[in-house]
Amino acid sequence: MGPHPAVAAIRLAVRRVLHDVLTECSESGSSGTERSRPTATGADRAIAPPPADRRPLVLVACSGGADSMALASALAFEARKLSVRAGAVTVDHGLQPGSDLRAAEVVSRLAAMRLDPVESVAVTVGRDGGPEAAARDARYAALDAAAERHGAAAVLLGHTRDDQAETVLLGLARGSGTRSLSGMAPVSGATGRYRRPFLQLDRQTARKACLVQAIPVWDDPHNADPAYTRSRLRHEGLPALEKALGKGVVEALARTAQLSRDDADALDAWAADVESAVRDDTGQLECAKLYALPPAVRRRVLRRAAVVAGAPAGSLFARHIEEVDRLITGWRGQGAINLPGRVEAQRQGGRLVIRQG
């Protein structure tokens, strides 16, 4: 008799990702371990595996919730059947009393799954961008550092189809365009480090997999706190949409994310291809050539130019690019446009100059 359908589903999702990681490591001739660094000693630090073990290391980011515990269990099971080492990292955000004790408990449960290395990392959450964004930034910084310490080939994240639907709705509310509507990518990060095996699985499947395997889970009270936008969307917004539109809203939103991602990728590639063609011999952007481009492509060219000039990508919003775009499409002699990162865009003699002030 095979495993419960929920358990089979999470294992299959992880198996596919591990096969991808193994293929990529094989093609590059690297296990990822050459980037390994010794891990600091201490109660909340695990010892990095010896360099002699050339099998790729895959880490799972685990909060102790149902999604990430299900992911950790599937990684532990599948890694034993493949030439992969499996470890885990839990991030203690320090936002609740006793968070350090909870993190230690998660480490104990992960170690019991025979994951190795396993570590807890405490972070300080700032205030930039609001509490949710600040916590996310601190978490990813900690995961990046852990991956570098251990020379991990990949870090698995437990985002589900439900999370994807929420992300699409949040992007829609911000009016941020096609890229925002594309939600979370199955593979992301500058080096393709982050993998999301569960984007095609719903949250209930992950929870059921934990239940039938008798895996204890922790429900973060922040996930039910109406003070947080995503929490309100999860407990009020999506249920209201399903009540008004019927079941299937989550699946439809996840499908929209994939279609939007395909479109955004194609437009980004188009913008990259034409960027050199809209510059003059000195490298300046020519307004007439920009004007001839489709708006979706032109705005991508403008965004790329602003980022290259020093504008932080995370602080560059659609409204900024729209203002710069008006220098091309609605030129009335207006002055320079100020952008994040002390970057300014100005039209000069038929050229668009974007530079740091």
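Numbers here simply count residues along the sequence, with the first being 1.
- Here the side chain of H19 pairs no donor or acceptor atom with the backbone of R16 at under 3.5 angstrom.
- Taken to the nearest 0.5 Å, the CG atom of D116 stands 11.5 Å off from the CG atom of L110.
- Expressed to the nearest 0.5 Å, how far OH of Y228 lies from CG of L233 amounts to 16.0 Å.
- A salt bridge links R326 with E323: the closest approach of a Lys/Arg side-chain nitrogen to an acidic carboxylate oxygen falls below 4.0 angstrom.
- Looking only at side-chain heavy atoms (C-beta outward), V58 and V21 come within less than 4.5 Å of each other.
- The closest side-chain heavy-atom distance from S63 to V91 is not below 4.5 Å.
- Remark: L339 CG to S315 OG distance equals 11.0 Å, nearest 0.5 Å.
- Side-chain contact between H159 and Q164: absent, with no pair of heavy atoms (C-beta onward) separated by less than 4.5 Å.
- Put simply, the side chain of Q213 gets close to the backbone of A209: a donor and an acceptor are under 3.5 Å apart.
- Put simply, the side chain of Q356 gets close to the backbone of G341: a donor and an acceptor are under 3.5 Å apart.
- Judged by distance alone, with hydrogens and angles left aside, the side-chain atoms of T160 form no donor-acceptor pair with the main-chain N or O of L199 at under 3.5 Å.
- Between the side chain of R80 and the backbone N or O of A76 there is at least one donor-acceptor pair closer than 3.5 Å.
- Other residues, nucleotides and ligands contribute at most 12 non-hydrogen atoms within 6.0 Å of the CZ atom of R355.
- The shortest side-chain heavy-atom distance between Q284 and R279 does not fall under the 4.5 Å cut-off.
- A salt bridge links D268 with R179: the closest approach of a Lys/Arg side-chain nitrogen to an acidic carboxylate oxygen falls below 4.0 angstrom.
- Rounded to the nearest 0.5 Å, atoms CG (D220) and CG (D225) are 9.5 Å apart.
- A88 and L59 make their closest contact through N-CD2, 3.8 Å (heavy atoms, listed as atom of the first residue, atom of the second, distance).
- Side-chain contact between P186 and R195 is absent, with no heavy atoms from C-beta onward closer than 4.5 Å.
- No donor-acceptor pair under 3.5 Å is formed between the side chain of T205 and the backbone N or O of A6.
- Under a 3.5 Å cut-off, the side chain of T256 and the backbone N or O of A252 do form a donor-acceptor pair.
- Under the 3.5 Å distance criterion, the side-chain polar atoms of S73 are matched with a main-chain donor or acceptor of A70.
- In summary, R15 and D20 do not engage in a salt bridge, as defined by a charged side-chain N under 4.0 Å from a carboxylate O.
- Of the possible polar contacts, one joining the R300 side chain to the A296 backbone as a donor-acceptor pair under 3.5 Å is found.
- For the pair E166 and R203, the salt-bridge criterion is met [side-chain N within less than 4.0 Å of a carboxylate O].
- Under the 4.5 Å side-chain criterion, counting only non-hydrogen atoms from C-beta, V14 is in contact with F198.
- The CD atom of E105 sits 10.5 Å away from atom CH2 of W218, with the distance rounded to the nearest 0.5 Å.
- The number of heavy atoms from other shown groups lying within 6.0 Å of CD (Q200) does not exceed 12.
- Under the 4.5 Å side-chain criterion, counting only non-hydrogen atoms from C-beta, I337 is not in contact with E344.
- A heavy-atom distance below 4.5 Å is found between the side chains of T329 and Y291.
- When each of R207, K247, R161 is checked for a salt bridge (charged side-chain N to carboxylate O under 4.0 Å, His left out) with D202, only R161 meets the rule.
- Salt bridge K81/E78: present, at least one basic N to carboxylate O contact under 4.0 Å.
- The backbone N or O of A313 lies less than 3.5 Å from a partner atom in the side chain of R303, making a donor-acceptor pair.
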